[in-house]
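What follows is a single structure, written as structure tokens, with notes after it.
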Amino acid sequence: TDRYLCKMRSTAAAALSVLAGAAYVSAQATVSTQPVASVTLTASSVATSATATLTPVTIDGNAFFQGNDRFYVRGVTYQPGGEASALTDDPLANTEACERDIPYFEQLGINTIRVYNVDNSADHSVCMNMLQNAGIYLFVDVNTPRIALSRTDPAGSYNAIYLQHVFATVDAFKNYSNVVGFFAGNEVINEANDTEAAPYVKATLRDLKNYISKQSDRQIPVGYSAADISENRIQLAEYFNCGDDATARADFYAFNSYSWCGDSSYTTSGFSQRVEDFSNYSIPLFFSEYGCNLVSPRPFTEVGSIYSENMTPVFSGGLVYEWTQESNNYGLVEVNGTSITPLQDYENLMEEFAKTSNPSGDGGYKTNGTVATCPSNQTYFEITFAAEDLPAIPSAAQAYIDSGAGKALGNDGPTNQGQGSTAIQSLASAGTATASGSSAAASGANSSGTSSPSSGASNNGMGLTKAVFALAVAMAVGMCAV
């Protein structure tokens with residue numbers, strides 16, 4: 001499927017190539033969807049001065065709960081501007097966009113959004129409070145296009161710079177009760193024969209859980225958003241839920257699934273097989289993306305199955321991809337500045353949500369699912385670590401767990417990708433906390449390849465300008481296969 005978190009690599013590569021190329025020369029010298037009628041909404045309850053505090057969502061067995069009530073994820077993915085904006089834009093820091101969009105979230109009947117890219121140095125209070133007032137929860141991805149694990153150089157990109165960033169992202173959102181959880185990664189493994197990065201994603205998940213335990217008043221869940229790859233779908237899900245160390249296991253697991261197209265069915269789509277495959281899975285499962293667009297406009301008839309008693313004993317809902325209409329033709333609404341026009345997809349989804357109630361009671365969830373057995377190496381699942389072993393946290397990053405991440409450096413801070421000592425010096429200059437308590441970053445942080453939540457290709461450490469140029473080239477050749 002044509003999802004922007006994979007495709008953003010080409011946009012990023014082009015932009016970086018132009019910028020880096022100019023800098024390098026200087027350094028050397030010295031299917032169309034028709035909109036439906038626009039609906040006029042006001043921010044009313046969203047913009048009230050008093051801020052509601054939503055009951056935090058918790059986990060029991062293989063289900064989410066809001067207080068004593070089963071919580072089903074019923075939402076959309078939210079990154080206005082798509083791939084073109086994901087490099088720089090933080091939708092939760094854009095008050096104007098939140099005022100424009102949140103009333104339409106309410107009308108649609110959703111309770112959750114997913115945001116792929118945030119700036120951990122920005123002020124999110126206005127948008128987060130508006131979401132609280134609208135009764136909307138969210139999942140936050142901790143990676144950004146510049147600061148993420150590299151699929152082809154996971155060992156190099158798993159370093160103190162990277163972990164400082166993801167920990168600071170936790171700090172930026174940990175005090176909002178409507179944060180359901182954090183995604184430690186999105187489709188880092190996106191091919192059947194490319195699972196080598198899995199231990200590093202799982203190590204990041206472990207580190208995030210340890211950081212939250214030490215630095216947050218609430219144990220916010222952490223999970224992983226997986227590409228739905230048939231050859232290793234079960235093995236990866238088992239891997240993220242295996243081992244004796246509970247801290248190293250995911251709190252929830254999610255699939256980006258596009259198997260239900262048009263007026264498919266519970267069996268034809270493979271949903272029935274997914275329920276059977278994971279009938280004994282011990283943590284919550286849901287769809288972190290869904291909404292095949294091979295038939296357009298999308299009828300969203302899968303909604304009736306997702307929230308039916310056929311699926312709720314195993315699955316806890318899902319998130320439709322995506323909010324705004326972009327070149328990939330997955331949008332629910334068309335945005336033009338401060339105005340918004342719902343498309344037919346929006347109307348169809350709203351209709352399906354309105355006629356689909358959640359099951360009564362607890363939906364058949366279970367508390368007696370078993371922790372998985374770690375899969376052994378096989379044709380489509382191969383890692384270099386022993387089954388339950390993970391990379392040790394970099395020593396400099398352990399200081400962040402003990403003493404806090406320090407100053408949030410945002411999306412303009414140093415990247416963890418391929419800049420060697422330059423990036424380490426940048427982190428030190430920014431005054432980030434270290435093991436000694438000083439502002440100097442500890443030496444020995446690894447350098448690595450390119451950045452993206454989904455993909456990457458390695459490049460070596462060099463001067464800042466050449467590294468950015470190499471980063472652009474590597475991104476161009478390391479784009480996601482979809």
Side-chain angles (χ1 to χ4, degrees), residues 141-143 147-167 182-212 221-227 229 231-255 281-283 371-398 400-401 416-417 444-458 478 480:
D141 285 66
V142 298
N143 295 280
I147 307 172
L149 286 176
S150 164
R151 178 183 303 123
T152 57
D153 185 18
S157 54
Y158 174 69
N159 54 41
I161 295 168
Y162 172 64
L163 291 172
Q164 191 277 336
H165 175 86
V166 301
F167 294 161
F182 296 103
F183 282 116
N186 177 72
E187 295 194 356
V188 183
I189 297 93
N190 77 335
E191 295 179 4
N193 58 352
D194 187 16
T195 57
E196 187 55 43
Y200 295 91
V201 181
K202 194 170 178 180
T204 301
L205 187 150
R206 171 204 64 197
D207 300 340
L208 283 164
K209 291 177 68 172
N210 281 329
Y211 186 82
I212 291 168
V222 183
Y224 178 65
S225 173
I229 304 167
E231 292 88 347
N232 56 28
R233 177 190 297 121
I234 294 175
Q235 293 91 329
L236 277 175
E238 289 176 342
Y239 180 71
F240 279 94
N241 187 34
C242 77
D244 293 332
D245 182 4
T247 306
R249 299 196 301 264
D251 295 315
F252 59 85
Y253 194 82
F255 296 103
Y281 206 62
S282 64
I283 59 175
V371 173
T373 300
C374 290
S376 58
N377 281 349
Q378 51 200 273
T379 302
Y380 294 113
F381 181 86
E382 187 171 357
I383 58 177
T384 56
F385 288 82
E388 295 191 28
D389 291 348
L390 295 175
I393 185 172
S395 58
Q398 182 60 48
Y400 305 140
I401 291 179
N416 64 322
Q417 310 290 338
N446 297 321
S447 62
S448 70
T450 66
S451 65
S452 168
S454 302
S455 181
S458 98
C480 273

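When a residue number appears, it is its place in the shown sequence, counting from 1.
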Query raised in the report: Taking the side chain from Asn241 and the backbone from Val371, do they hold a donor-acceptor pair closer than 3.5 Å?
Result: no

Query raised in the report: Quick one: do the Asp207 and Tyr162 side chains pair a donor with an acceptor below 3.5 Å?
Result: no

Query raised in the report: Do Leu390 and Arg206 have side-chain heavy atoms sitting under 4.5 Å apart?
Result: yes

Requested in this report: Examine the side chains of Ser157 and Gln417 and answer whether a donor and an acceptor come within less than 3.5 Å of each other.
Outcome: no

**Report entry** Heavy-atom closest contact (Phe381 atom, Pro375 atom, distance)
**Finding:** CE2-CG, 3.7 Å

Query raised in the report: Would you call Asn186 and Asn143 a side-chain contact if the rule is heavy atoms closer than 4.5 Å?
Result: no

Query raised in the report: What's the spacing between Tyr239 OH and Lys202 NZ if we round to 0.5 Å?
Result: 5.0 Å

Query - Side-chain donor or acceptor of Asn210 paired with backbone N/O of Thr247 under 3.5 Å - result: no

Query raised in the report: More than 12 heavy atoms of other residues, nucleotides or ligands under 6.0 Å from CG of Asp245: is that the case?
Result: yes

Requested in this report: Return yes if some donor-acceptor pair links the side-chain N/O of Glu388 with the main-chain N/O of Ala386 below 3.5 Å, else return no.
Outcome: no

Query raised in the report: Between Phe252 and Phe182, does the ring centre distance come in under 6.0 Å?
Result: no

Query - Pairwise distance NE2(His165) to OH(Tyr400) - rounded to 0.5 angstrom - result: 13.0 Å

Report task. Taking all non-hydrogen atoms of both residues into account, name the closest pair between Ile212 and Val222 and its distance. Result -> CD1-CG2, 3.6 Å

**Report entry** Any Leu163 side-chain heavy atom under 4.5 Å of Tyr158 side chain
**Finding:** yes

Query - Audit row: Glu196, Thr384, side chain to side chain donor-acceptor pair (under 3.5 Å) steps and yes/no - result: CA-CA 7 Å; Glu196 187 55 43; Thr384 56; 2.9 Å; yes

Query raised in the report: Which atom names give the shortest non-hydrogen contact between Pro199 and Ile383, and what distance separates them?
Result: CD-CG2, 3.7 Å

Requested in this report: Would you give the length of the straight line joining atom OG1 of Thr379 to atom CD of Gln235, rounded to the nearest 0.5 angstrom?
Outcome: 9.5 Å

Requested in this report: Could you tell me how the ring of Tyr224 sits relative to the ring of Phe240: parallel (under 30°), tilted (30 to 60°) or perpendicular (over 60°)?
Outcome: parallel

Query raised in the report: Would you say Asn232's side chain and Ala192's backbone share a donor-acceptor pair under 3.5 angstrom?
Result: yes

Report task. State the CZ-OH distance between Phe167 and Tyr211, to the nearest 0.5 angstrom. Result -> 7.5 Å

**Report entry** Aromatic centroids of Tyr200 and Phe385 separated by under 6.0 Å
**Finding:** yes

**Report entry** Tyr380 and Thr195: CA distance, side-chain angles, deciding distance, side-chain contact (heavy atoms from CB on, under 4.5 Å) verdict
**Finding:** CA-CA 8 Å; Tyr380 294 113; Thr195 57; over 6 Å; no

Report summary line: CD of Glu382 to CG of Asn377, rounded to nearest 0.5 Å, is 5.0 Å

Query raised in the report: Can you tell me how far CZ of Phe183 sits from OG1 of Thr204, rounded to the nearest 0.5 angstrom?
Result: 15.0 Å

Query - Gln398 versus Ile393, closest heavy-atom pair with distance - result: OE1-CG2, 3.5 Å

Query raised in the report: If you take all heavy atoms of Pro221 and Asp251, which pair is closest and at what distance?
Result: CA-OD2, 3.3 Å

Query raised in the report: Lys209 side chain to Ala246 main-chain N or O, any donor-acceptor pair under 3.5 Å?
Result: yes

